[in-house]
Structure formats: structure tokens, C-alpha cells
Number of protein chains: 2
Amino acid sequence: MLELAILGFLYDAPLHGYVLRRHIAALTGHVRPVAESTLYPAIKRLEKAGLLVRATEPGAVAAPRHVLSLTEEGRTELKRRLAEPAQREITDENHWFALLAFLRHLADPSAQAAVLRRRLAFLEEPASFFYEGDRPLRAEELDDPFRRGVLTIARATSRAELAWLRDTLASLDGVDR
Amino acid sequence: MLELAILGFLYDAPLHGYVLRRHIAALTGHVRPVAESTLYPAIKRLEKAGLLVRATEPGAVAAPRHVLSLTEEGRTELKRRLAEPAQREITDENHWFALLAFLRHLADPSAQAAVLRRRLAFLEEPASFFYEGDRPLRAEELDDPFRRGVLTIARATSRAELAWLRDTLASLDGVDR
DNA sequence: ACGTTATACCTCGACACCGATGTATGTTGG
DNA sequence: CCAACATACATCGGTGTCGAGGTATAACGT
């Protein structure tokens, strides 16, 4: 997820680590803050893998900056990760939102639609958080107000997302023809 | 999050690891599966910390079972974790849902309400995923349909959750008087 | 007789992540 | 004049998580 965000932001323009960090904080920081000690090793990993290169520049304000830019492999890898996300990226809302934030970089509308359809399939299979044996329980069947809240909120999210997915898929399919 | 779920399920009744695993899979597995190699060490950690004890029973079907039950410290610790969640548990929906699933174990309505109010405060502060400088962008201002989706879905979730929070807080406060 | 599946638990190595801490520079406020 | 803060990057130890693999028993189908 972090690596995806790094690749995603650098796809638009070269950035140095400090600015990158602020971008990532804006994207996911209110939900799941990213520590510096996570970001810098992640940058090194991607650099070592040949997905990005760094150019040292004298710091505009303070210490020298390492301006990061994607290599051709980095651009390819981002598109690969967007086009073929692991199941976790589809099911976990945090990961999914990060993926959506950069899905436009996957230029092909039918490839974008294929990814959305995977999420659609996930949302359409009947699942709950609470079960009676194998039967998923509905909000109305729960006494616990907190568990009822979980289902109420999840249902509202699911409805909004299904509507958006169907809308967006329709307009993406329209582009093809 | 995993430890909370273990403590939460065991609070109701002693369980052995295999059943516990199925409970956890039902609760969060469709979003974020938990590997066995994560669960068993977690159980050991909690055992070592004196929060649970195990009793070996001949297996009903196959190999012998380790039936786990909470100690008094375990019960206290669960309540502590429910009453004083880290900020991450409040902001990350996955963690928050797991907490809500067991919040009923925190018997005191005003303690429950205090936790809900922390979530309320988080949801009420203006935050977005996308910014222009410091200004949070609204869905309508985005060209990117995928980023617009993120905001649309987040807004629907937020609305549903705010409504539920206010309802539930009202009825919890009613209990007090 | 044998392979498969389900039950039931466990270890190990690899690795991502975090908090604490460190280094260095330039700007701002008292 | 100096502390505080923002910029800018980095390391380190501890720990949680995962995938792969292992052990053992019992039921079921063929």
C-alpha cells in the first residue's frame, strides 16, 4: 500500500522524500499515519529494485534533497500493481482506496473496468461480520447496538459503492464502443 | 486488533484455537484474513502475559484441543483496551469495527459513550483524501472518476456513521439519567 | 487399501512496520 | 542571542505478520 502510493505519486512528477511524505500523509494519514522510519526504507527498497532513481539536489530550504523519479521499470511496475492487485487490495478498504487514488494511471479503460469488476464481485457476495452458524445476520437481528452499528454503516458504504461502481463501469464501457 | 478479537471472543466463553480462528475469520476474514501462523503466536503472547490460560482436552473429532479461557487479568485488560483505545483503533475503520464488535463488554454506558465520542470527534474534523494546498477537495471538484469515487463512498460512510453515532449516544445518555 | 478432506496445533525464516533517536541546516520568535 | 521549529534524511532494535512447511488424528469416498 505504501509502495503503491510512492509509485503513484512519483508517476505524476519527481518528488523528494519529504514532500512525498506530506502527500502520503494527506492521502491516508488521517486514517493510518505513516512513520518516517517506514517511508525511507520503503524508498530504498524501491530504489534497490530499480523502480526509482534518486538525484541529490542542494536543499532549497535546508539539508540536501534526494529527488526521486520513476524509472521505466517503475512505471511498468505501478501499472502492473494497479492492473493485478492482490486480493487484499480488493477487500481491504484502506488498500482499495489507495489503489483507486491512482487507478487513472492505468490508461486503458477496459483494464480499469476489470479492476472495478473485481471489487464489484467482492461486494456482491453475501458477507456479514456476524453469523448464526453459517447464516449471515442482518442488522435488525442483533440486540447489541454496537454490532448493529457495524452492519448499518457497512451496508450504507456498500450501497454507495455499488451505485458508484455501476455508474463508473457503465461510463467506462461506453468509452470502449 | 487480533489480540482484541481473541480477548473479545473469549470473554463470552472459553474456546479452543481452531474455533477461535473460525470466529475471527467470520468477523474480519472477508476483509483481512488472519493466518494461522499469526493466530497461534498471538495466543501464546496473551498466555505468557497471563491474560488467558489453556486446558488440554482430548479432541472431540481429532487431535487434542487447547481450550482457552480468560483470566481475571484478561478480563480487566480487555476492558482497558476497549475503554482506552489507541488513536489508530479510532481512525482505522478495520480496527474500529473490531472494537465496536466487543464494545458491549464494557458494561458502563458512559464509558461506551466516551469511546463513541472519540470516533465522533474524529469524523467531525474536516478531512479529505485529496487537497489543493491545505484546502480539502470535494468530490465535485475532482475530474478523476476514481478519486471522486473515494470521496463519494467516504462521504456516504461518514453520513451513515454520524447518524448512527448520534442516535446511539442519545440512547446511551438516556440510560444514565 | 488409499487418497483426500477436516480437525487441531505448531515452527521457522523473511520482512514490513514502528518508536526512539540521531544528524544537519535554515528560519522564526522572544 | 538562543531556543524552538521546520526542513531533510537516516539507523536501529523490537515486534507483528505472513507463507511455507510440518505433525498427528479421524472420517469419508472409491
Side-chain angles (χ1 to χ4, degrees), chain A residues 1-7 14-25 28-29 31-49 51-68 81 86-89 91-92 94-95 98 133-134, chain B residues 1-7 14-25 28-29 31-49 51-68 81 86-89 91-92 94-95 98 133-134:
Chain A
M1 205 182 98
L2 173 59
E3 294 184 1
L4 190 77
I6 295 172
L7 297 174
L15 295 170
H16 62 276
Y18 202 77
V19 169
L20 188 55
R21 192 178 177 236
R22 285 218 307 279
H23 278 68
I24 292 170
T28 59
V31 169
R32 184 183 269 271
V34 171
E36 278 185 57
S37 50
T38 306
L39 176 62
Y40 287 112
I43 291 172
K44 285 208 168 170
R45 276 202 304 280
L46 297 176
E47 191 190 7
K48 206 173 165 187
L51 306 183
L52 57 83
V53 288
R54 69 174 76 199
T56 306
E57 258 186 22
V61 185
R65 298 163 165 180
H66 294 180
V67 177
L68 312 167
R81 291 191 194 203
Q87 194 56 18
R88 177 73 126 261
E89 320 284 315
T91 62
D92 187 326
N94 295 144
H95 288 65
D134 280 343
Chain B
M1 204 181 99
L2 174 60
E3 292 184 4
L4 189 78
I6 296 172
L7 297 175
L15 295 171
H16 62 276
Y18 202 78
V19 168
L20 188 56
R21 194 179 176 233
R22 285 216 309 277
H23 277 67
I24 291 171
T28 60
V31 169
R32 188 182 265 271
V34 170
E36 277 184 54
S37 51
T38 306
L39 175 63
Y40 286 112
I43 291 172
K44 285 209 166 166
R45 275 201 304 280
L46 297 176
E47 191 188 9
K48 206 172 166 187
L51 306 183
L52 57 84
V53 289
R54 69 174 76 199
T56 305
E57 257 185 22
V61 185
R65 297 163 164 181
H66 294 181
V67 177
L68 312 168
R81 292 190 193 203
Q87 193 57 19
R88 176 72 126 261
E89 320 284 315
T91 62
D92 188 326
N94 295 144
H95 289 65
D134 280 342

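All heavy atoms count here, side chains included; hydrogens, waters and symmetry mates do not. A, B, ... follow the sequence lines: proteins, then strands. Residue 1 opens every chain.
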| field | Donor-acceptor contact present, side-chain B/His23 to main-chain B/Val19, <3.5 Å | value | yes
Side-chain heavy atoms of [X] within contact of [Y], under 4.5 Å:
X: A/Leu51; Y: A/Arg45; value: no
X: B/Thr56; Y: B/Val67; value: no
X: A/His95; Y: A/Gln87; value: no
X: A/Thr28; Y: A/Met1; value: yes

Rounded interatomic separation in angstrom, taking [atom1] from [X] and [atom2] from [N]:
X: B/Asp92; N: C/dC18; atom1: CG; atom2: P; result: 11 Å
X: B/Glu89; N: C/dC18; atom1: CD; atom2: P; result: 13 Å
X: A/Tyr18; N: D/dT7; atom1: OH; atom2: P; result: 4 Å
X: A/Arg21; N: D/dT7; atom1: CZ; atom2: C1'; result: 11 Å
X: A/Ile24; N: C/dC17; atom1: CD1; atom2: P; result: 11 Å
X: B/Arg22; N: C/dC9; atom1: CZ; atom2: C1'; result: 14 Å
X: B/Ile43; N: C/dT11; atom1: CD1; atom2: P; result: 12 Å
X: B/His66; N: D/dA24; atom1: NE2; atom2: P; result: 14 Å

| task | Mind listing the closest non-hydrogen atom pair of A/Leu39 and A/Gly17 along with its distance? | result |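 Here A/Leu39 and A/Gly17 meet closest at CD2-O, 3.7 Å.
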| Electrostatic pair B/Glu3:B/Arg81 at N-O distance under 4.0 angstrom | yes
Under-3.5 Å N/O pairs linking protein and nucleotides 25-27 of chain D:
residue, atom, partner, partner atom, Å
D/dA26, O4', B/Val61, O, 3.3

| Out of B/Leu2, B/Leu7, B/Leu68, B/Val53, which residue meets the side-chain contact (heavy atoms from CB on, under 4.5 Å) rule with B/Leu46? |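 One option only clears the test, and that one is B/Leu7.
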| query | Which letter, B, S or -, goes with each nucleotide of nucleotides 11-19 of chain D from 5' to 3', with contact meaning a protein heavy atom under 4.0 Å? | reply | BB---SSBB
| query | Can you check whether B/Arg54 has a side-chain N or O nearer than 4.0 Å to OP1 or OP2 of C/dC10? | reply | yes
| said: Once side chain to side chain donor-acceptor pair (under 3.5 Å) is applied, do any residues pair with B/Arg88, and if so which ones, sequence neighbours excluded? | reply: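 Expected list: none.
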